[in-house]
There are 2 protein chains.
Amino acid sequence: MAKQQSKLPEFAPLARDEISPALANSPCAACTVRQQSVCASLDDNELERLAAISRAMYVAAGSTIFNEGDPADYLFNVTDGVIKLYKLLADGREQVTGFLFPGDFIGLALKDSYSYSAEAISAVRLCKMKRSQFRDVLAVTPRLEHRLLSVASNELAQAQDQMLLLGRKTAREKIVSFFLQLAERRDKSRQAQINAGAELESSKFDEDVVELPMGRADIADYLGLTTETVSRTLTQLKTDGSIQLLDNHQVRLGGRESLREIAQGL
Amino acid sequence: MAKQQSKLPEFAPLARDEISPALANSPCAACTVRQQSVCASLDDNELERLAAISRAMYVAAGSTIFNEGDPADYLFNVTDGVIKLYKLLADGREQVTGFLFPGDFIGLALKDSYSYSAEAISAVRLCKMKRSQFRDVLAVTPRLEHRLLSVASNELAQAQDQMLLLGRKTAREKIVSFFLQLAERRDKSRQAQINAGAELESSKFDEDVVELPMGRADIADYLGLTTETVSRTLTQLKTDGSIQLLDNHQVRLGGRESLREIAQGL
DNA sequence: CGCAAATTTGACCTGTTTCAATTGAGGTGG
DNA sequence: CCACCTCAATTGAAACAGGTCAAATTTGCG
C-alpha cells in the first residue's frame with residue numbers, strides 16, 4: 001500500500017452514497033474524508049459553495065507543497081497521504097510542528113505568508129482553495145467559521161501538549177507519547193469513518209499496531225531529538241518489551257495503559 | 001508599580017471617553033484593555049451583550065485561578081496583571097505554555113475541563129464570563145466568533161514558534177528569543193493604546209528596557225530550562241554586552257537587530 | 001534591621017548530541 | 001531472480017550542553 005503510493009499513487013475512488021444532485025459532479029462528492037474534515041459541518045448547499053472554489057491537487061512523495069515565507073494564497077485540505085509541516089532555523093536546524101493526515105486542514109495559523117513549510121511524506125492528494133475565495137465563502141457560511149474555530153481550538157490544545165513534550169519530557173517519554181498520539185489519531189479517524197457509515201474492510205484491525213509513515217529523521221525533528229537518539233530509544237523500548245518493531249514503519253504497542261504511564265513520567 | 005500591585009492592587013480607574021449610555025454602568029465601560037482584547041471588534045450593542053454576562057474578579061499575586069482538569073465553566077479576559085498558564089507532569093515537572101497580559105483571552109483551547117492551570121504572577125484583574133452564557137452570545141454575534149478565530153489563529157502561529165524554540169534552540173537563543181517576544185508584545189500593546197487615543201504619560205519610553213514580571217523559575221519552565229541555566233545564561237549575555245540587568249525584573253536590550261540574529265541562530 | 005525567598009555561582013554528573021562506522025532494506029538493472 | 005547500489009537505520013565511542021546538588025549572595029519585605 002505504502003509501496004504503491006510512492007510510485008503509482010492509486011487513491012481510492014470511494015463510494016458515493018447519497019449525494020445531492022448539485023454535488024454529483026463536484027470534487028467533494030467522492031471525498032473520502034468529508035466527514036472528518038472541516039467540511040463535516042456543512043449542508044449540501046454550503047458544501048457546494050466550497051466545492052466551487054476547490055480543486056484537487058496531487059503531490060509526489062518528498063516534494064515541497066510550499067515554503068515558509070511564500071505568499072499564503074492557498075489553503076488546503078488533506079484528502080490522502082501524509083504531510084509534515086516544519087520550520088527551519090538559519091543554520092538548518094529543523095522543527096516539525098505537525099504531521100497532517102487525511103481530513104486535516106492547512107491554513108489556520110497564517111498571516112499573509114505561510115509561517116511554516118509543508119512537504120509531502122507520502123504521495124498526497126489535496127483539496128486546494130484560493131484564500132481570497134475561501135474568505136468570501138467563510139463570510140456567508142457562519143457554520144464553517146464555527147467549525148474552524150473548533151478545529152483551531154483543538155489544535156491549540158494539541159500544541160500545548162507538544163510544548164510540554166518538547167520542554168519537559170525525556171527522549172523515552174517523547175517517543176512513547178508520539179506513538180500514543182498516532183494510535184489515538186488513527187482510532188479517532190476509524191471511528192469517524194464508521195460513524196459515517198463506512199464498512200471498514202478488515203473489521204478486525206490490530207488495535208496495537210501503529211503505522212509510521214515518516215522516517216526517523218522526521219520523528220526526531222518532531223520530538224526535538226536526533227535520529228540517533230530516536231533509534232537508540234527504540235531499541236531500548238524494544239528490549240524492555242514496551243514495543244515491537246515489525247519493520248521500520250510499523251510498531252506494535254505493548255499495553256497502552258502502561259505506555260501511557262511512561263508518557264506521563266510515571 | 002509592581003510593588004504596589006502585590007500588596008495593594010491599585011488598578012487604574014481609567015478615563016471613559018465617549019461611551020454609549022447603555023454601557024455607562026457596564027464593567028466594560030471603564031475597561032482599560034477593550035481595544036486590545038477580543039472585545040475590540042464589537043459595536044456598543046454587542047459589547048453590551050458581553051457586558052451583561054461579565055463580572056470583574058480580582059486575584060492576588062501567587063494564587064491559582066483554576067487547575068488543569070477542573071470543569072471549564074468560566075472564560076476570562078485579563079484586564080490587569082500577569083498570568084502564567086502551565087501544565088504539569090506526574091512527578092512535578094512543569095511547562096509554562098504562556099504568559100498572559102492585559103487584553104489576553106483565556107478559554108480558546110478548552111474542552112469540558114481546562115487543559116492547563118492558571119496562576120496569577122502579579123495581582124490580577126479579570127473579566128469573568130460563564131462559558132454557557134458566552135456560547136449564547138457567541139451564537140448571535142458572528143463578529144465575535146470571527147474575532148476569536150483570528151485570535152486563535154495568532155496563538156497557533158505563536159505556539160508553533162514556541163515549538164521551534166523548545167525543540168531546537170540553545171539556552172542562549174531561547175533566552176534572547178524570550179526577551180524579544182516580551183519587547184514586541186509590549187510594543188504592540190503600546191501601539192494599540194496609542195491607536196485607541198490614549199495619551200501615554202511618559203511619551204518617551206525607553207524602547208529597550210523590558211519588564212520581567214515573572215521569576216527565574218517561571219522563565220525556566222517556559223523555555224524548557226532550569227533556573228540555574230537561566231541565571232548562568234543571563235550573566236553570560238550580560239558579560240558579552242548583549243543585555244544589561246537593571247534589577248531582577250528589568251533588562252535593557254543591547255541592539256534589537258543583533259539580538260534577533262542570536263535568536264535565529266546566526 | 002533581619003529574615004525568608006529568590007538569584008547567582010560552583011563543582012560535578014548525565015542524557016543527549018556529535019562524529020564515525022556498520023548494518024540493513026528497498027529499488028534497479030543486468 | 002539475483003547482484004548491486006543507495007539511502008535509511010542502527011550501533012559505538014567520545015564530547016558537551018545543560019541538569020543536579022549544594023552553597024554563597026542578593027533582594028525584597030515585614
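Numbered from 1 within each chain, the chains take letters A, B, ... in sequence-line order.
Dashed line: the shortest gap from a side-chain N or O of B/S231 to OP1 or OP2 of C/dT7 is not under 4.0 Å. For A/T226 and C/dT17, the shortest distance from a side-chain N or O to OP1 or OP2 is below 4.0 Å. Dashed line: the shortest gap from a side-chain N or O of A/T235 to OP1 or OP2 of D/dT11 is under 4.0 Å.
Here the side chain of A/R55 pairs no donor or acceptor atom with the backbone of A/K128 at under 3.5 angstrom.
As a whole-Å value, the separation of A/D91 CG from C/dT17 C1' is 14 Å. Taking atom CD on B/E173 and atom C1' on D/dA17, their separation rounds to 12 Å, with Å as the unit. When rounded to the nearest whole Å, the span between CG of A/L166 and C1' of C/dT16 equals 15 Å. One interatomic measurement links the two molecules: CD1 of B/I219 to C1' of C/dT8, which rounds to 14 Å at whole-angstrom precision. Here the P atom of nucleotide D/dT26 and the CG atom of B/L246 are 18 Å apart, to the nearest Å. At whole-Å resolution of the value, CG in B/D218 and C1' in C/dT7 are 14 Å apart. In this structure, NE2 of B/H249 is placed 11 Å from C1' of C/dA5, rounded to the nearest angstrom. Taking atom CD1 of residue B/I121 and atom C1' of nucleotide C/dA5, one finds them 16 Å apart after rounding to whole Å.
Within 3.5 Å, no donor on the side chain of A/R232 pairs with an acceptor on the base of C/dG15, nor the reverse. Side-chain to base pairing of A/R172 with C/dG15: no donor and acceptor N or O lie closer than 3.5 Å to each other.
Side-chain atoms of B/E228 lie closest to D/dT20 of the nucleotides D/dT20, C/dT18, D/dG18. Among the nucleotides D/dA9, C/dT8, D/dG19, the one closest to any side-chain atom of B/T229 is D/dG19. In this structure, the nucleotide among D/dG19, C/dT16, D/dA9 sitting nearest to the side chain of B/L225 is D/dG19.
Classification of B/R216 and B/D221 as a salt-bridged pair fails, no side-chain N sitting under 4.0 Å from a carboxylate O. The pair A/D104-A/R185 meets the salt-bridge criterion, with a side-chain N (NZ, NE, NH1 or NH2) lying under 4.0 Å from an Asp/Glu carboxylate O.
Residues A/K238 and B/N248 both approach DNA chain D. Their nearest nucleotides, taken by heavy-atom distance, put A/K238 toward the 5′ side. Between A/V230 and B/L234, the residue anchored closer to the 5' end of DNA chain C is B/L234, taking for each the nucleotide with the nearest heavy atom. Looking at which nucleotide of DNA chain D each of A/A217 and A/R168 is closest to, the 5′-most match is held by A/A217.
The aromatic rings of B/F178 and B/F99 lie tilted to each other, with the angle between the two planes from 30° to 60°.
A/Y116 does not carry A/K87 over the face of its six-membered ring by the limits of under 6.0 Å from the centre and within 45° of the normal.
Residue contacts for A/L245: at a heavy-atom cut-off of 4.0 Å it reaches the sugar-phosphate backbone alone, with no base atom in range. Within 4.0 Å (heavy atoms only), B/G62 reaches no atom of the nucleic acid at all.
Under the side chain to side chain contact (heavy atoms under 4.5 Å, CB included) rule, B/T233 has a single partner from B/T235, B/T229, B/V230, which is B/T229.
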